[in-house]
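Some notes on the structure that comes next.
Each ligand, and each atom within it, is numbered from 1 in the order the structure gives. Just so it is clear, the values below take in all heavy atoms, side chains as well, and ignore hydrogens, waters and symmetry mates. This structure is a prediction, so every number in the text was calculated from the model and none was measured.
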Amino acid sequence: MALLSNIISSPQSISVAFVSAILVTFISRRIYSVYFGPLSQFPGPKLAAATLWYEFYYDVILQGRYTFKIKELHKKYGPIIRISPNELHIDEPDYYETLYSQHEPRDKSEYYLSQFQLPGSSFGTAGHRHHRIRRGALNSFLSKQAVTRIQPMLTYMIDKFCNRIEEFRTSGKPMPIRLVYSCLATDIVTLIVLNHNRHLLDSPDFSPVWVETVKAIAAAGHTMKQFPWLFSVIRALPSSVVGAMSVGMLLLLESQKLTQQETRDVMNGVYKADKEYEALGLEKTIFHEILESDLPPEEKTFERLWQEAQVTIGAGADTTGNALTIIHFHLLDNPKILRKLQAELQEALPNKYDPIELRVVEQLPYLNAVLNEGLRFSYGISTRSPRIHPTDTMKFQQYEIPAGTPVGMTSVHIHHNETIFPEAIKFKPERWLEKRPKGAPPLDRYLVSFSKGSRQCVGMQLAKAELQLAIATVFRRYENQELFETTRADVDIKHDLFLPQADLKSKGVRVIFK
Ligand code: HEM
């Protein structure tokens with residue numbers, strides 16, 4: 001007895017006992033979760049079920065490789081697998097519309113959203129009810145009608161883009177079109193959201209820092225998901241320290257400061273006073289839409305407004321810039337397809353310098369098949385975006401998925417499914433024009449670049465209009481162009497950094513206009 005009390009009372013042994021108790025609790029919880037917990041029935045590697053370090057290895061150390069590992073795991077374990085202690089993943093394209101449902105309640109996972117920490121935005125809202133209220137204001141702001149109204153602005157910006165092409169055509173220098181398209185898409189989306197032009201398209205070198213900023217924000221996500229407290233630490237540090245630690249993080253903070261300032265300017269009437277863009281169909285900013293809506297006052301705070309702007313600009317810039325680049329590359333890489341598209345454009349648009357009407361290009365079958373194929377290869381977001389049924393079980397085959405479980409699917413897997421897209425690796429616009437076998441659903445059911453359901457991309461109509469007008473204009477006006485030192489390695493996805501990334505050493509797609 002005396003011996004026991006001696007052991008317990010020594011400070012060293014108390015620490016050992018304390019640490020051992022924590023370890024035992026931790027290990028027994030992990031064992032319970034892997035072998036007996038609510039997700040234990042789902043197949044998958046035990047290590048992934050036991051710890052988030054498995055995901056960390058593939059996504060953080062190997063820089064966005066878990067998406068590809070998950071595909072391999074599906075081959076081994078079947079169409080539904082447990083990919084982490086708390087998350088399931090499905091690889092069954094016909095289930096997409098059920099998971100990404102329009103009518104059933106679907107929450108987003110806090111774990112997924114913690115990579116951005118913008119809870120004031122619609123995108124960053126976890127609960128479905130709250131999301132629906134916020135999304136209402138965005139729906140009308142970015143509706144088809146709204147996009148038709150701003151067509152003069154789209155034409156104006158695409159003409160500006162062509163003026164920059166002229167510079168390169170005259171000099172004979174290769175044009176870095178990934179940067180240029182990103183500038184075009186960003187200027188367009190900031191004009192719409194803030195009624196303010198960031199003038200990236202006017203910058204002599206196409207503002208490479210902006211593309212780096214978007215990339216850095218997206219790439220930081222894998223780390224931030226696992227260590228969300230890092231955000232508060234970084235925000236509390238002086239910029240010089242953040243910059244020394246991570247240039248990407250510094251870019252992220254600076255971009256947030258810029259949007260905050262732009263939001264203040266809109267609220268103080270700075271841009272509204274500037275009537276320059278009204279003739280182009282722009283009257284209101286996204287904030288007017290929210291401030292004039294019947295949302296309650298707590299939905300109209302400065303914090304919420306700048307976050308909505310930040311997300312909408314971020315969401316509309318790189319996705320669209322990437323899709324335009326991928327389409328442009330594949331057209332130049334496939335001369336037969338290019339000739340077919342140019343023949344359609346020549347017939348529909350006899351004078352190449354006339355302004356192009358949206359209602360005309362929307363109806364061109366081959367152009368739209370090319371765009372669909374480009375969207376298939378550009379994926380939207382390349383990462384899994386989990387959805388949750390907050391109150392009920394979801395059924396998948398013989399499995400019952402417990403309420404509250406995040407379940408994801410991935411566009412990269414669906415768009416490369418050989419049953420749905422035979423020869424998936426080939427850029428084949430014809431597949432979108434072929435007659436479907438009897439009873440088969442339309443092919444676009446499986447095109448999920450914009451996601452589906454209640455949380456589908458709200459900027460889809462705008463994005464489609466940008467693709468239709470920009471690609472029709474550039475390939476109608478410039479019939480003689482070629483790729484410069486660019487191959488498929490410069491466009492094919494190699495890393496899932498939330499947004500798809502080709503080889504990280506790639507110099508990007510470069511084009512010579514003649
Ligand atoms: C080719 C271009 C585009 C693609 C492929 C695309 C793709 C997507 C995808 C996949 C989502 C869902 C993300 C998730 O599940 O977490 C999304 C959401 C969103 N997108 Fe897009 N997007 C594009 C262009 C745009 C544009 C031009 C805008 C804005 C003007 C925009 C604004 C948004 C917003 C605000 C959301 C969040 C919607 C919500 O949560 O309710 N996107 N987009």
Which atoms from ligand 1 have a heavy atom of [X] less than 4.0 Å away?
{"X": "Thr320", "result": "1 (C), 2 (C), 24 (C), 27 (C)"}
{"X": "Lys108", "result": "14 (C), 16 (O), 40 (O)"}
{"X": "Leu462", "result": "27 (C), 30 (C)"}

Problem set entry | Summary of ring-ring contact (aromatic ring centres under 6.0 Å, His included) pairs that have at least one residue in residues 121-154, sequence neighbours excluded |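 As it turns out, the ring-ring contact (aromatic ring centres under 6.0 Å, His included) pairs with a partner in residues 121-154, which skip direct neighbours, are Phe116-Phe123.
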For this session: For residues Tyr111 and Pro406, determine if any side-chain heavy atom of one lies less than 4.5 Å from a side-chain heavy atom of the other.
Result: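 Tyr111 vs Pro406: side chains apart.
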Using 4.0 Å as the upper bound for N to carboxylate O, is an ion pair formed by [Y] and [X]?
{"X": "Glu299", "Y": "Arg134", "result": "yes"}
{"X": "Arg387", "Y": "Glu104", "result": "no"}
{"X": "Glu308", "Y": "Arg304", "result": "yes"}
{"X": "Glu254", "Y": "Lys257", "result": "no"}

Exercise. Does the N or O separation between Ser451 and ligand 1 drop below 3.5 Å for any pair?
Worked result: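 It does not: no N or O of Ser451 is found under 3.5 Å from an N or O of ligand 1.
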For this session: Check whether any N or O atom of His131, backbone or side chain, sits under 3.5 Å from an N or O atom of ligand 1, and answer yes or no.
Result: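 Yes: some nitrogen or oxygen of His131 is under 3.5 Å from one in ligand 1.
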Exercise. Of the options Lys428, Lys426, Arg431, which is the one that meets Glu373 in a salt bridge (charged side-chain N to carboxylate O under 4.0 Å, His left out)?
Worked result: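 The residue from Lys428, Lys426, Arg431 that satisfies salt bridge (charged side-chain N to carboxylate O under 4.0 Å, His left out) with Glu373 turns out to be Arg431.
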For this session: Please say which of Arg82, Lys69, Arg384 ends up in a salt bridge (charged side-chain N to carboxylate O under 4.0 Å, His left out) with Glu55.
Result: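 So the option named by the test is Arg384.
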For the aromatic rings, using the six-membered ring if either is Trp, is the centroid distance between [X] and [Y] under 6.0 Å?
{"X": "Tyr181", "Y": "Phe161", "value": "yes"}
{"X": "His416", "Y": "Tyr379", "value": "yes"}
{"X": "Tyr399", "Y": "Phe42", "value": "yes"}

Problem set entry | Region of Val189 engaging ligand 1 - heavy atom pairs below 4.0 Å |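 Answer for Val189: side chain.
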Exercise. Which one holds for Arg384 and ligand 1: side chain close, backbone close, both close, or neither close, with close meaning a heavy atom under 4.0 Å?
Worked result: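 Neither part.
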Exercise. Is there a heavy atom of Arg387 sitting under 4.0 angstrom from any atom of ligand 1?
Worked result: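 Within the 4.0 Å threshold, so yes.
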Problem set entry | Proximity flag Glu308 to ligand 1, non-hydrogen atoms under 4.0 Å |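 Under 4.0 Å: no for Glu308.
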For [atom], the protein heavy atom that lies nearest, with its residue and separation:
{"atom": "atom 16 (O) of ligand 1", "result": "Tyr112 OH, 2.8 Å"}
{"atom": "atom 14 (C) of ligand 1", "result": "Ser385 OG, 3.4 Å"}
{"atom": "atom 29 (C) of ligand 1", "result": "Thr312 CG2, 3.8 Å"}
{"atom": "atom 10 (C) of ligand 1", "result": "Ser449 O, 3.1 Å"}
{"atom": "atom 12 (C) of ligand 1", "result": "Arg455 O, 3.9 Å"}
{"atom": "atom 38 (C) of ligand 1", "result": "Arg135 NH1, 3.5 Å"}

Exercise. What count do you get for protein N/O/S atoms less than 2.8 Å from atom 21 (Fe) of ligand 1?
Worked result: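 Atoms of protein N, O or S type lying less than 2.8 Å from atom 21 (Fe) of ligand 1 total 1.
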For this session: Scan side-chain atoms only and decide if Thr285 and His288 contain a donor-acceptor pair under the 3.5 Å cut-off.
Result: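 Indeed, the side chains of Thr285 and His288 share at least one donor-acceptor pair under 3.5 Å.
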Exercise. Do Glu289 and Ser140 have side-chain N/O donor and acceptor atoms under 3.5 Å apart?
Worked result: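 Yes, a side-chain donor-acceptor pair sits under 3.5 Å.
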For this session: Report the distance from atom NZ of Lys464 to atom CG of Leu375, rounding to the nearest 0.5 Å.
Result: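 Separation between the atoms: 8.0 Å.
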Exercise. Considering only heavy atoms, which of Tyr100, Phe116, Phe123 lies nearest to atom 40 (O) of ligand 1?
Worked result: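 Result: the heavy atom closest to atom 40 (O) of ligand 1 is in Phe123.
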